Amino acid sequence: MLTIRDAPVARNARPGQFVNLYPNDRTAMLPRPFGIAGVHGDEFDLIYQRVGAGTRAFARLSAGDPIDLVGPLGRPYDLTAAGDYLLIGGGLGVPPLISAAQGLAGRGDVRAIALFGYRDARFADGLVGRFADRTLSVSACEGNVITLLDRIEPELEVEATTILSCGPIPMMRAVAAWAGRRSIRSQFSLEERMGCGYGACLACVVDTTDGRLRVCKDGPVFAGGRLEWETAR
Amino acid sequence: MLTIRDAPVARNARPGQFVNLYPNDRTAMLPRPFGIAGVHGDEFDLIYQRVGAGTRAFARLSAGDPIDLVGPLGRPYDLTAAGDYLLIGGGLGVPPLISAAQGLAGRGDVRAIALFGYRDARFADGLVGRFADRTLSVSACEGNVITLLDRIEPELEVEATTILSCGPIPMMRAVAAWAGRRSIRSQFSLEERMGCGYGACLACVVDTTDGRLRVCKDGPVFAGGRLEWETAR
Amino acid sequence: MGDGPMNAQTFDPFEPYDYRHGSVVAGLRWKNPVGTASGTFKLDACGEYYDVSQLGAISTKGVSPVPWEGNPTPRTAESPSGMVNAVGLQNPGVDHYLLDELPKLKALDALVVTNVAGHSDEDYAQVVAKLAQSEADMLEINVSCPNVTHGGMSVGTDPIALERLVRRLRGMTDKPMIVKLTPNVTDIAETARAAADGGADALSLINTLVGMRLDTRTGRPIIANVTGGVSGPAILPIALACVWKVRRALPDMPIIGIGGISSGRDALEFLYAGANAVEVGAAALVDPQAPVRVAHELEELLDRRPRLADALEKGQAWQQ
Amino acid sequence: MGDGPMNAQTFDPFEPYDYRHGSVVAGLRWKNPVGTASGTFKLDACGEYYDVSQLGAISTKGVSPVPWEGNPTPRTAESPSGMVNAVGLQNPGVDHYLLDELPKLKALDALVVTNVAGHSDEDYAQVVAKLAQSEADMLEINVSCPNVTHGGMSVGTDPIALERLVRRLRGMTDKPMIVKLTPNVTDIAETARAAADGGADALSLINTLVGMRLDTRTGRPIIANVTGGVSGPAILPIALACVWKVRRALPDMPIIGIGGISSGRDALEFLYAGANAVEVGAAALVDPQAPVRVAHELEELLDRRPRLADALEKGQAWQQ
Ligand SMILES: Cc1cc2nc3c(=O)[nH]c(=O)nc-3n(C[C@H](O)[C@H](O)[C@H](O)COP(=O)(O)OP(=O)(O)OC[C@H]3O[C@@H](n4cnc5c(N)ncnc54)[C@H](O)[C@@H]3O)c2cc1C
Ligand SMILES: Cc1cc2nc3c(=O)[nH]c(=O)nc-3n(C[C@H](O)[C@H](O)[C@H](O)COP(=O)(O)OP(=O)(O)OC[C@H]3O[C@@H](n4cnc5c(N)ncnc54)[C@H](O)[C@@H]3O)c2cc1C
Ligand SMILES: Cc1cc2nc3c(=O)[nH]c(=O)nc-3n(C[C@H](O)[C@H](O)[C@H](O)COP(=O)(O)O)c2cc1C
Ligand SMILES: Cc1cc2nc3c(=O)[nH]c(=O)nc-3n(C[C@H](O)[C@H](O)[C@H](O)COP(=O)(O)O)c2cc1C
Ligand code: FES
Ligand code: FES
């Protein structure tokens, strides 16, 4: 977890948006996008995994070190509807859902239920639990988020339910199919390799019913019905 | 002035040698060579001018910051002779001569006389004065090092005099001519744009009576008689 | 010191600003010698970071006769001081461009360089025919697109095919026509001469160099298209040599220098190499305000170089 | 993580070390797949930083029939993640090489790749004739030298001239002959095929890309020769694409990958692109121990890739 002080980002960020971090090593040009996992005062949190040189360098930062960033970026989740929100996350897809839970917290007209699937350690249950009304989770050996969805289905009223999801494509594809069969509204947050991260270069596209759109600018959040799941990777 | 703690360099450095510094910005590949201006304990000093991005970055370093370096490098001054040493420096050519003065200090068989020419501020008189037996200096408006040489000539005994010089090529060319006419032994320290700074790439050559030699490995110190001053730049 | 680039914080990219040093490129005055490079500018994205009319020119994403889907993703990979991209000219086609993007850019009072893409001579001709009557200020023919015309190589690598294409397009419009050259040739002076012979009013160079990266975890190429084009600071010395060479081959041809520019000082280096103006590409992907920052930094550097500034205003390049 | 390069401090470059993973290149076994790149190794300099016999191979500075002076200075300039050099093949000539450098290298038990330079076919032939009877293990014909043979372009850019030259040299020696290709061509697969048709036993690629820098204080080129060759990490993606292309064109040809390698992971990326071995150039100018460090880092990465390691030992390249 990385906490960054940047008042404008913390003030303007909405759930589902992300920031581009730039490694201090100037040989690395491209942005490293990370979903915002929550804001407090003039700070915001990121939760990330060490993947390559950039994230390894971020992990070596000490408190107080400066870092270049651009954000907040992208279209956030649409949280206008009332009713039940199912926040369905897998792996490193949980950060924007924690944000969403924070955005929904305290609203009288909604209930936020987090359904998280993990590979092993349930690292985000506590984080989302501060905001969600209920948290269910499952680790890979026990099942997956569809198991949790099936379990919670009896409680749900279809028209008053919104699914927000972020995670690996196979998981989201299954969630989309599950929601589609039941005509439940859904919004998915995607990841794609980026060139600019703010909409200028068309590197990060995804196929939708409206054509190839930019994940960074037209997304990362897309309505489930707009996505072409067959070509998604 | 930059003081660097590096025990092996401080221990092994001999007057006239240099070190390669590498900017922390990894987009900059090439070494920045600097003459060693003196050693004390496990530290050594560099005196440098801000020229471009590398030296600007060095100027921003704070005490305790790490820096990559390779050294000590190059052939040092030959200080085996006894007698008078004239240390003739101009501009940023003074650092190795301060080292030479330090190397000669305390030896009973030699006398070190620094003759420094400056553009304006006499920044190195104090530094060399700690070690040299005598320091004469001149700034651009008053004359040049040849003025000083002419002034000191009556005191010298040709066979027992060694000139060590470092500075701009026109100055060294004039010093070489002056010394040549009087058959005074001379050693010159050269600068050249480098690729490696340790002898691998042949980027830094100078014409000598033995052919094109490497400034970084076969020099930077060359006997005056071996240099082809016509082609030097 | 003294000569260093100004601090990025000292300009407001939305505040109106009167540049002191412009450049005349193929008869048209750019208010400063800095434009965006094609494919790294989208109005809805970049317009959030600066007033697009501040720049010398806006070169748009390549426009094709019909909508193109581009390549599958991933489309980018990183490289030391650079990036590799294989976007593949995704664009909604010339009709959409004329209805949507061009009017918006002109409404903002930008000088618009429309970048033209094609898979064949016919494609280029169709686009140029539609642009001929449009509000576009200049056309920039991107002949660096691989495939078709010449067995896997682009028309921009074959001087004879290139001259023929340029001559054909030349006959179709009075708009100043820039031909954008690829560095993936044995001798760029040769293709430059071919474009000049065909009637190009100006040349822009360079487009990207063919490159690729592999994922050492999987042993497979990172980009779906396998190879892509390398851009960014890494290619700066290569681009400078191309501009220098073409300037020597064609002393009077207006040249727009492109490749790895990320500061006013980089831009100045291109002007000294013989460019009349420059375009900023990949740097704008890293720092959205880069083009305006480069323009401001260059402005200060030109203040202290009146002879160069004067030449640019006269449509001339620096004389070595 | 897990897969990261090892710490530079964990090997002693003078301590004898038995590499677990070698590579067979054109019939000769390198004890590891990492060599030095020509022009970035001099025994008296590099030998102070590591035991030269630790490397897979030592490619020497280009050797010409008579001593060459090279270009005037300055001979280098910096570029982002790279450098430009115009040393100009300064060397004391083949006779001196045979008397002095080669015996010293062989006494140290290094596998020696002698890089051959020429201004004309005749030059190359003279050098190869003298090397044919020498202790050199392999010859590396550098056909990337500009001038002579073809109006300002090097023989390495003209497939017909290249094939003729290689065929002639092929007839003069039984030593494994590597032809070193230039990337400054429209299609490197074409020159690769020409070298293969002429009888090359292996190809090494890439040599440097033409580039330049200018001094923005004076407006003049930094390098006395004006243009030079770009090397270093900046060219890595370009070199990878060249190796990949040539591998696809010539599935069975041994390839030595060169260009911007500065870590074991970079070397591994070249092996995945289709190289049988690699050479480290500019990185060794920045870090004198770079070649040995790359070899050690690659060793660990190959431990976890037995299929790739096995292919290399059999003289085969990675199959995508
Ligand atoms: C909208 C969005 C939100 C994201 N949110 C998170 C998050 O909250 N937590 C988290 O751990 N990760 C998140 N990721 C993935 C994260 O961006 C990558 O793990 C990170 O960029 C890897 O950088 P690196 O330098 O360590 O890896 P390297 O492999 O060295 O990076 C090289 C290049 O590849 C890109 N890249 C590598 N992996 C990915 C990837 N999975 N997705 C996109 N680009 C990649 C990098 O951005 C960089 O440009 C998100 C990605 C996107 C697109
Ligand atoms: C043997 C030797 C000893 C030196 N000793 C000193 C010293 O004691 N004090 C001092 O102030 N300077 C010294 N110099 C000059 C010093 O190396 C350069 O001023 C410095 O490298 C400039 O780096 P930069 O990044 O600031 O400049 P940039 O112009 O940004 O550097 C770009 C490249 O050009 C090279 N370069 C630029 N100017 C020179 C130059 N004058 N000589 C050689 N290479 C240059 C740099 O090393 C770098 O590779 C010495 C040079 C040599 C060769
Ligand atoms: C993502 C991306 C997309 C590009 N698309 C185009 C294009 O559509 N047409 C074109 O002529 N050049 C295109 N280019 C090339 C650039 O305009 C420019 O010539 C090249 O990137 C070199 O400049 P740079 O190093 O400043 O990026 C593209 C470059 C990038 C990075
Ligand atoms: C200073 C220098 C001198 C070189 N001299 C030669 C040479 O004599 N013969 C040759 O074939 N290649 C020569 N090269 C090219 C390198 O061997 C290598 O092909 C190129 O630099 C790319 O690799 P790199 O990026 O690892 O440096 C030289 C390169 C450099 C930097
Ligand atoms: S990354 Fe450039 S448009 Fe999305
Ligand atoms: S700088 Fe490489 S030999 Fe001197």
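Small disclaimer: the values here were computed from a predicted structure and weren't measured. Values below: every heavy atom of this structure, side chains too, minus hydrogens, waters and symmetry copies.
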Chain C shares the most heavy-atom pairs under 4.5 Å, among D:Ser262, D:Gly228, D:Pro233, with D:Pro233
Judged by modelled atom types alone, do D:Asp303 and D:His21 share a side-chain donor-acceptor pair under 3.5 Å? yes
Interchain contact, C:Val230 with chain D, by part (heavy-atom threshold 4.5 Å):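 C:Val230 touches chain D through side-chain heavy atoms alone.
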Interchain contact, C:Val210 with chain D, by part (heavy-atom threshold 4.5 Å):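 Both parts, backbone and side chain.
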How long is the gap from OG1 on C:Thr182 to CD1 on C:Ile206, to the nearest 0.5 Å?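 Output value for this atom pair is 8.0 Å.
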Region of D:Val185 that comes under 4.5 Å of a non-hydrogen atom in chain C: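 Both backbone and side chain.
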With a 4.5 angstrom heavy-atom cut-off, which part of D:Val226 approaches chain C: side chain, backbone, both or neither?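 The side chain, not the backbone.
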Less than 4.5 Å apart, any side-chain heavy atom of D:Arg265 and any of D:Glu297?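 In short, these two side chains do not touch, never coming nearer than 4.5 Å.
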Is the closest side-chain heavy-atom distance between C:Leu271 and C:Arg305 below 4.5 Å?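 Sidechains of C:Arg305 and C:Leu271: no contact.
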Return the option, out of [options], with the maximum number of heavy-atom pairs under 4.5 Å with chain D.
options	value
C:Ile238, C:Leu214, C:Val243, C:Thr218	C:Leu214
C:Leu236, C:Leu308, C:Ile188	C:Leu236
C:Ala234, C:Gly219, C:Gly232, C:Gly260	C:Gly219
C:Ala239, C:Pro221, C:Ser79, C:Pro80	C:Pro80

Using a strict 4.0 Å threshold on nitrogen-to-oxygen distance, state whether C:Glu78 and C:Arg213 make a salt bridge.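 Result for this pair is no, no salt bridge flagged.
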Indicate yes or no: does D:Lys314 engage D:Asp310 in a salt bridge with an N to O separation below 4.0 Å. yes
Short side-chain to backbone donor-acceptor contact, D:Arg247 and D:Met253, under 3.5 Å: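 Between the backbone of D:Met253 and the side chain of D:Arg247 there is a qualifying donor-acceptor contact (under 3.5 Å).
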